[in-house]
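Structure first, then comments.
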2 protein chains.
Amino acid sequence: MITLKQLAQELKVSVSTVSKALSDSHEISAETKKKILALAKERNYIPNNTAVNLRRKQTKTVGVVIPNIFNHFYTKILHGIESEAKKSGYKTIITISNEKLQDEKESLEYFSNGSVDGILLAPSDETEKYKKIDHFLELRSKEIPFVFFDRFIDELPCDKVIIDDFDSAKNVIHFFEKNGMNDIAVISSIKNISTGKLRKQGVLSANKNLKIVELESEINLQDKVEELLKKEKVNAILCLDELSGVITLNIARKLKFKIPKELSIVSFNQGILSKYSFPRLTTINQHATQIGRESFQLLLNRLQDSKLEYQTKVLKTSLKFHKSTKNTL
Amino acid sequence: MITLKQLAQELKVSVSTVSKALSDSHEISAETKKKILALAKERNYIPNNTAVNLRRKQTKTVGVVIPNIFNHFYTKILHGIESEAKKSGYKTIITISNEKLQDEKESLEYFSNGSVDGILLAPSDETEKYKKIDHFLELRSKEIPFVFFDRFIDELPCDKVIIDDFDSAKNVIHFFEKNGMNDIAVISSIKNISTGKLRKQGVLSANKNLKIVELESEINLQDKVEELLKKEKVNAILCLDELSGVITLNIARKLKFKIPKELSIVSFNQGILSKYSFPRLTTINQHATQIGRESFQLLLNRLQDSKLEYQTKVLKTSLKFHKSTKNTL
DNA sequence: ATGAAAGCGCTAACAG
DNA sequence: CTGTTAGCGCTTTCAT
């Protein structure tokens with residue numbers, strides 16, 4: 001790795017002259033600049049990132065903690081963050097909490113050692129469940145800005161980017177009803193997390209008499225759904241997460257329901273599963289990439305001005321109709 | 001952010017004493033150590049990562065370039081890398097090439113500024129197609145070690161971790177034949193990439209007379225498969241990538257094929273799609289997490305000894321039977 | 001227009 | 001056992 005010093009020696013000028021020339025300072029004569037630039041190019045000089053960071057006291061890097069990398073929704077958000085960060089000359093370091101509070105804490109601790117200028121995260125399942133916020137407060141005491149995306153903790157005022165879960169869910173119930181489907185079930189495998197709760201509140205605000213199957217994860221979901229479909233009269237189902245959507249669809253087909261004639265299914269969409277389901281699921285599109293982009297922008301704003309008021313961006317969803325839903329309107 | 005200097009001042013000792021105490025040096029008396037450790041803990045001292053890196057001339061960070069973050073297979077590899085790296089005290093920086101040569105080059109260039117100690121990557125589709133290796137050679141001239149995973153470039157001797165694509169594919173054809181299925185088709189949407197080519201060679205080594213549908217991406221695949229199934233007599237299909245698998249399954253069901261009675265389907269497995277297909281696809285499991293882990297280990301070995309011979313690790317796949325395949329053996 | 005010097009926070013060789 | 005000093009590679013202030 002070639003350094004400023006080596007360039008300086010070779011040209012018999014001082015290190016500071018080289019440094020200034022490379023940053024196109026007006027202090028340096030055009031001639032000297034040209035000479036220096038030429039050699040730098042020839043030698044393939046790249047400034048040592050670590051040294052620059054140490055000197056500038058900033059890393060031009062953001063840290064991201066996602067709860068689960070196997071969830072396509074989060075990888076899409078990641079993509080949004082990464083591409084947006086790149087545009088502004090920021091790098092992205094990614095860690096995964098695996099929905100564990102402990103892993104999340106460790107990530108934040110690591111990020112706190114000066115590795116990043118700011119943090120983007122969706123709190124883990126555990127963090128939300130136990131409403132743990134100490135580790136976030138510590139971040140704040142260290143003056144490391146952070147932004148929540150997708151999930152958040154009510155008790156903690158902060159910057160966040162979320163979707164309008166409540167309304168999105170409510171509207172689907174209204175849609176079913178307007179289409180004459182009144183035996184409605186709601187299925188969720190994300191009972192604990194904030195988005196799951198909001199969606200549930202949304203459906204209940206539309207109709208108090210829904211059949212609800214709710215679990216903390218997709219384990220056993222298959223059996224519960226089968227039981228529901230066998231015992232109850234149902235002609236419309238809203239699934240609050242994509243895995244529930246696909247599982248419900250498959251169970252319904254196994255039980256020989258005619259879809260969408262006898263049974264309409266709509267699902268919140270987190271990824272790629274619904275796209276390749278058969279028949280293709282009608283989904284509530286969450287625009288994950290945009291969530292990522294907006295989150296990064298929010299962080300960037302705060303990086304530039306730490307005194308800003310905390311901001312919450314709520315993104316709208318869109319209902320994308322496919323073959324799993326009857327639509328007579 | 002609290003520094004060594006501040007701790008030193010507060011305790012009226014020198015910076016180096018504090019530094020040594022915190023690294024538990026035998027040079028420091030037990031008493032002084034205790035005092036220093038206590039204050040460090042109280043003040044929540046964390047060594048500044050950037051400074052340590054600059055001093056040590058290493059970053060304890062590896063850079064990863066994946067072609068596509070929407071492919072579950074790569075996120076699994078990522079998970080393997082990240083968790084293994086973490087165990088060895090390494091951080092992971094992730095970039096995405098989007099299958100573009102240019103993006104890949106930019107990532108490597110960025111990594112070359114001293115941000116990482118080594119690099120793990122799967123070359124982009126374009127890189128493989130045009131057999132571009134200049135940017136890898138430049139890495140080598142800068143003495144930054146790198147390891148390929150999943151995909152590789154024949155022309156470049158290097159460390160790599162791959163699966164036994166050739167044999168895995170061949171064996172499935174043999175399996176079909178032993179089960180009396182002789183009208184076999186092979187479907188692929190990964191024509192360009194090394195794994196796709198190897199798998200194709202594998203099936204051809206088993207049987208030269210297969211019906212092959214091969215595309216560069218999944219665009220138009222649907223139509224091509226439909227055409228095949230309508231025109232040709234087929235009772236067994238091997239899909240060389242998961243997307244082909246799921247698409248083929250759905251088309252076959254749309255055309256009312258009885259699966260697996262009339263048609264058996266086996267697919268290479270990259271992710272989560274096949275798991276939630278209906279009926280569930282029989283898959284060739286590629287143990288992605290292990291690919292990630294082994295890749296990191298290979299890189300770690302080279303980081304420790306740059307003189308090692310280049311190594312190629314070939315991981316075995318396993319055939320996981322599900323309902324999409326008839327198995328009479 | 002150029003250079004000398006200080007310093008970011010840390011480690012480590014060397015001196016005492 | 002503790003401290004002094006130098007230096008990683010860079011930027012920036014101040015002097016010339």
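Keep in mind it's a predicted model, so treat the numbers as computed, not measured.
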For His79(A), all residues meeting ring-ring contact (aromatic ring centres under 6.0 Å, His included), sequence neighbours excluded: Phe70(B)
With the side chain counted from C-beta on, respond yes when Phe111(B) and Leu139(B) share a heavy-atom pair under 4.5 Å apart, and no when they do not. no
Taking Ser107(A) for the side chain and Asp103(A) for the main chain, is one N or O donor matched with an acceptor at less than 3.5 Å? yes
Please give, in whole Å, the distance from dG3(C) P to Leu7(A) CG? 14 Å
Mind checking the CD-CG spacing from Glu126(A) to Leu101(A)? Nearest 0.5 Å is all I need. 6.0 Å
I need the CG-C1' distance between Leu54(A) and dG7(D), as an integer number of Å. 12 Å
Can you tell me if Gln304(B) has over 12 outside heavy atoms packed within less than 6.0 Å of its CD? yes
Return yes if some donor-acceptor pair links the side-chain N/O of Asn49(A) with the main-chain N/O of Ser115(B) below 3.5 Å, else return no. no
Atom-pair distance (CG on Leu4(B); P on dT5(D)), nearest Å: 18 Å
In whole angstroms, how far is the P atom of dC10(D) from the CG atom of Asn53(B)? 15 Å
Rounded to the Å, how far apart are Asp117(A) CG and dC8(C) C1'? 15 Å
How close or far is atom C1' of dT2(C) from atom CD of Glu31(A), stated in whole angstroms? 13 Å
Rounding to a whole Å, what distance do you find between Asn113(B):CG and dC10(D):C1'? 13 Å
Short N-O contact, Asp24(B) and Lys33(B), less than 4.0 angstrom: yes
How is Ser23(B) classified with respect to the nucleic acid when contacts are heavy atoms under 4.0 Å: base, sugar-phosphate, or nothing? nothing
Using the 3.5 Å cut-off, write out each protein N or O paired with an N or O of nucleotides 12-16 of chain D and the distance between them.
unit_1  : atom_1 : unit_2   : atom_2 : d
dT12(D) : O4'    : Arg55(A) : NH2    : 3.4
dT13(D) : O4     : Lys20(A) : NZ     : 3.4

Just wondering, more than 12 heavy atoms not from Glu143(A) lying within 6.0 Å of its CD? no
Taking the nucleotide of DNA chain D with the nearest heavy atom to each, does Ser29(B) or Val52(A) sit closer to the 5' end? Ser29(B)
To the nearest angstrom, the NZ-C1' distance between Lys57(B) and dC10(C) comes to 15 Å
Do any of residues 34-50 of chain A sit with a heavy atom less than 4.0 Å from DNA chain D, and if so which? Tyr45(A), Pro47(A), Asn48(A)
So with a 6.0 Å cut-off around NZ of Lys132(A), is the heavy-atom count from everything else above 12? no
Any Lys5(B) side-chain nitrogen or oxygen under 4.0 Å from OP1 or OP2 of dG7(C): no
